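The structure appears below as structure tokens.
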Amino acid sequence: MSRAVRFAMAMIVSLGLLTWGALTIVQRTTRSWFEKDLRLRVDLVMSGARQALLSHWEKDDRRALERVLADIARDERIMAAAACGTDLSFLAGTDEFPEAFGCVRVGPHLRPAADSPADLWVPWSVKASLPGGPVHVSAVPIVGGSQPFGFVVLVHDLSFVARREALTRRSLLAAFAVLAMAASILTVIFSRLSWRDWSDEIRRFLQGDSERPEFRPILGDVRRLVDRVMLEHEADGSGAGWTPDRLKQTLNRYLHREKVVLVANREPYIHERGPDGRIDVVHPASGLVTALEPVMRACSGVWVAHGGGSADRESADRHGRVRVPPDENSYVLRRVWLSPEEERGYYYGFANEGLWPLCHLAHARPTFRTEDWRHYQEVNRKFADAVCEEVEGEDPIVLVQDYHFTLLPRLIRKRLPRATVLMFLHIPWPNSERFGVCPWRQELLEGMLGAGILGFHTQYHCNNFLDSVDRYLEARLDRAENAVVLRGRQTLVRAYPISVEWPVRWLRDLPPAQECRRQVFAELGLPPNALLGLGVDRLDYTKGVEERFLAVERLLDRFPEFRGRFTFVQLAAPSRTLIDRYRQLNERVESLAARINARFEDGPYRPIVLLRAHHEPPAVFRYYRAADVCYVSSLHDGMNLVAKEFGAARDDERGVLVLSEFTGAARELTEALIVNPYDLEQASEALAAALRMPPEAQRDRMRSMRAFLAEFNVYRWAGRMLVDAARLRRQERLAGRLHDGDPDPRAVLS
Ligand code: G6P
């Protein structure tokens, strides 16, 4: 049904209701007028006839009385009249006076007036009906001097009132019907015309062609709304969930198949020469890679990264390029080569001994060395060169990832002023006091503000960033828009909570969860009735691995039922091992596991199994599917994708996630048992609750978590960022057009 027809129908229904209301009011009003009119008539008739009636009454001349009554009844509205004595006797009356209103029937209704010394009656009247139609009966007392003679009964014909009412009703109905038709036709015509005008106007605005100033303040809001609606419901024509195809279509539709250039320090495929001389392809343990690799497979383009594998050079061409994934060739991996000094200063030094502890609240002191800073600057420049080599045209889309490249957005902006640069931070952003300890805080902030859009996992981190800018830079903050304007250029600061692919490709070749469990139990030598806990991390002090082991110890102390039965397996990928802090962590974790095992070991039973090695994704997913509980105990984490991967792996809807409240994921995965990892009582209790949780409760939580993950997957994350990037491009193009002739294309509007 068209909008116009629906509108007209609504109009007719409303007018119908209106007519019904109006009719009721008109009917009530006219009836009360008629009644008033009737009473007036009675008074008139009786005052005209009173004298004659009195004189005939006194003489008891009944014939004369009859004549007077016949005169009265000559009025076409008075059907009958009768004279009655005070004793209710019938004295005289017109022909066929209805018996129903005879003296004895009406008389008893006459009451003496309250203040009348001679018991004079008060006139009385009533509405009634006769076979011929409605009538009005009135009894009027006849008094001579102060002496009551009797009363006269008059019967009025009311059928004319009913006739007039019917006529009024018909006329009103006809008038309203004509009005309703006319109003609906006019409304439809006007609404069509004005809708067309309005939508033309909006269309012109969205295309940036209109000159009317009154819409300007709402223009941004309307564009955003339109984009959001389009993004949510139309990108794949069905409004269904996000898939690689839908992401591809979004890219085509909004960014016209622009090539995406992504820059991240960690490469998605590392070529390593093994001890047997064979080259293996390794998938690194990195949340960043987990999230972005599926996105790049969907979008194509180039991933620029540090080539750190022992066989990386020989696997790439002379420009450092190699097509990946190895058998699919979906996109290009461009490797950037770093000298050992550069790697030490930039990666181990400034990025991981300076910025990493600066941004994570995990009691590690950041170390800032001038030498590291120099390397960090150099390497950022080197990556800017690589980006410029990989882009096509002067306005590419560049996605800069993480804290390794805080200077890169500004460097790219200088070299490619028309590029659309998005930067995403995969780690938390600290509050401004904490951030302020960095000697190069201003350079970092200015470097990041070279991006048009700056993304964090949570709004909280966005706010911290805005506060840092407020405190350490001369820039304008637009809190309402969550934006910073630095030297006339705007950077939007937005929360984009990252996620995992859905469905996870590693599950394709894995057996069902029960079989994975059987295999893992066999590998670990666990009896079938054992309970399995799981931790999966890089060995990093922010992950709270020590707190996790202590929680397991506390669990076994407090709940003896789990001793000999519960085993916690920790998959720990060695990470950043050239840094002292990480080497110490390795040792501490190992000796802690040994101490706890020594306390509770019993024959072959050990409560903690520490597997310190790199595990490829299929092996990790097998463990996810085998475990009864997965414990993510990060002390501080931007998001933590292990938590999301665990949910994505459990298509059997079993298993419980125990999750640290200090992860970004805890804001989204509310089905997990959320704990403070420092609170060992709470954490051990949550582990016990997870291990005791009935299958139905596990299923309910897992089902709900999986529904969330299916919808809020990484394709959606990327789609939202790319659509925002498209809007930014449009704005910048418009601004560029407005600034035609401006010698500096960087001076675009904010
Ligand atoms: C975190 C960082 C990523 C990094 C990953 C692994 O998730 O945000 O940028 O890739 O850790 O660390 P690594 O130093 O091995 O790349």
Side-chain angles (χ1 to χ4, degrees), residues 262-270 272 282-293 295-296 303-309 312 333 335-336 338 342-360 362 364 372 376 379-380 383 399-406 408 423-430 448 455-458 461 496-500 536-545 571-579 581-583 585-586 612-617 620 632 634-645 662-665 714 717:
L262 182 144
V263 192
N265 173 70
R266 186 55 68 200
E267 54 182 341
Y269 297 93
I270 308 175
E272 292 284 7
V282 176
H283 301 88
S286 156
L288 178 152
V289 171
T290 303
L292 289 170
E293 208 281 331
V295 170
M296 281 308 281
W303 182 314
V304 183
H306 169 216
D312 270 357
L333 169 59
R335 287 172 170 149
V336 174
L338 300 181
E342 281 173 334
E343 190 180 355
R344 219 177 4 256
Y346 141 80
Y347 171 75
Y348 288 105
F350 195 76
N352 285 316
E353 283 192 284
L355 296 182
W356 181 266
L358 177 73
C359 293
H360 288 90
D372 293 345
Y376 186 83
V379 171
N380 269 252
F383 272 82
L399 310 179
V400 178
Q401 305 299 313
D402 236 355
Y403 58 101
H404 309 88
F405 298 118
T406 54
L408 196 53
M423 177 164 203
F424 189 80
L425 265 280
H426 292 255
I427 59 172
W429 192 263
M448 293 166 82
F456 294 89
H457 289 302
T458 67
H461 299 150
Y496 302 99
I498 209 164
S499 194
V500 291
V536 178
D537 305 86
R538 280 183 308 105
L539 255 184
D540 193 299
Y541 53 85
T542 59
K543 302 295 179 185
V545 179
L571 308 186
S575 176
R576 306 174 191 169
T577 42
L578 289 192
I579 300 174
R581 187 79 168 73
Y582 285 80
R583 273 206 302 267
L585 177 75
N586 255 286
R612 259 192 313 139
H614 173 77
H615 289 80
E616 279 291 289
V620 176
V632 173
S634 304
L635 306 182
H636 200 192
D637 218 329
M639 175 54 70
N640 193 292
L641 292 184
V642 166
K644 293 191 172 181
E645 282 183 331
F662 306 122
T663 60
V714 76
W717 172 85

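All values derive from a computational prediction rather than experimental measurement. Read the numbers this way: they start at 1 and go in the same order the structure lists the ligands and their atoms.
Taking a cut-off of under 4.0 Å to the non-hydrogen atoms of His426, the atoms of ligand 1 that pass are 8 (O). Here is the list of ligand 1 atoms found below 4.0 Å of a heavy atom in Ile427: 8 (O). Taking every non-hydrogen atom of His404 and a distance limit under 4.0 Å, the qualifying atoms of ligand 1 come out as 9 (O). For ligand 1, the atoms sitting less than 4.0 Å from at least one non-hydrogen atom of Ala285 are 6 (C), numbered in the order shown with element in parentheses.
With Trp356 as the aromatic partner, Arg581 does not meet the cation-pi criteria of under 6.0 angstrom to the ring centre and within 45 degrees of the ring axis.
Here the side chains of Leu408 and Asn380 are in contact, with some heavy-atom distance below 4.5 Å.
Backbone and side-chain nitrogen or oxygen atoms of Asp402 are examined, and one is located within less than 3.5 angstrom of a nitrogen or oxygen of ligand 1.
Looking at atom 14 (O) of ligand 1, its nearest protein heavy atom turns out to be Tyr347 OH, 2.4 Å. For atom 10 (O) of ligand 1, the closest heavy atom belonging to the protein is Ser286 OG, 2.9 Å. The protein heavy-atom contact nearest to atom 7 (O) of ligand 1 is Gly287 N, 4.0 Å. In terms of protein heavy atoms, atom 12 (O) of ligand 1 is closest to Arg576 NH2, 2.9 Å. Protein heavy atom at the shortest distance from atom 6 (C) of ligand 1 is Arg538 NE, 3.4 Å. Closest protein heavy atom to atom 16 (O) of ligand 1: Arg266 NE, 2.9 Å.
A donor-acceptor pair under 3.5 Å links the side-chain atoms of Trp717 to the main chain of Tyr496, judged by distance alone. Of the possible polar contacts, one joining the His457 side chain to the His426 backbone as a donor-acceptor pair under 3.5 Å is found. Checked by atom type and distance alone, the side chain of Asp540 pairs as donor or acceptor with a backbone atom of Thr542 at under 3.5 Å.
Contacts between Asp540 and ligand 1 below 4.0 angstrom, taking non-hydrogen atoms only, are absent altogether. In Pro284, neither the side chain nor the backbone holds a heavy atom less than 4.0 Å from any atom of ligand 1.
No hydrogens or angles considered: a donor-acceptor pair under 3.5 Å links the side chains of Tyr346 and Asn265.
Taking both residues in full, the closest heavy atoms of Pro430 and Cys359 are given as CD-SG, 3.8 Å, listed atom of the first, atom of the second, then distance.
Using a 30° and 60° split on the angle between ring planes, Phe350 and Tyr376 fall in the tilted class, from 30° to 60°.
Applying the salt bridge (charged side-chain N to carboxylate O under 4.0 Å, His left out) test to pairs two or more places apart or on separate chains, those with a residue in residues 342-353 are Glu342-Lys382, Glu353-Arg369.
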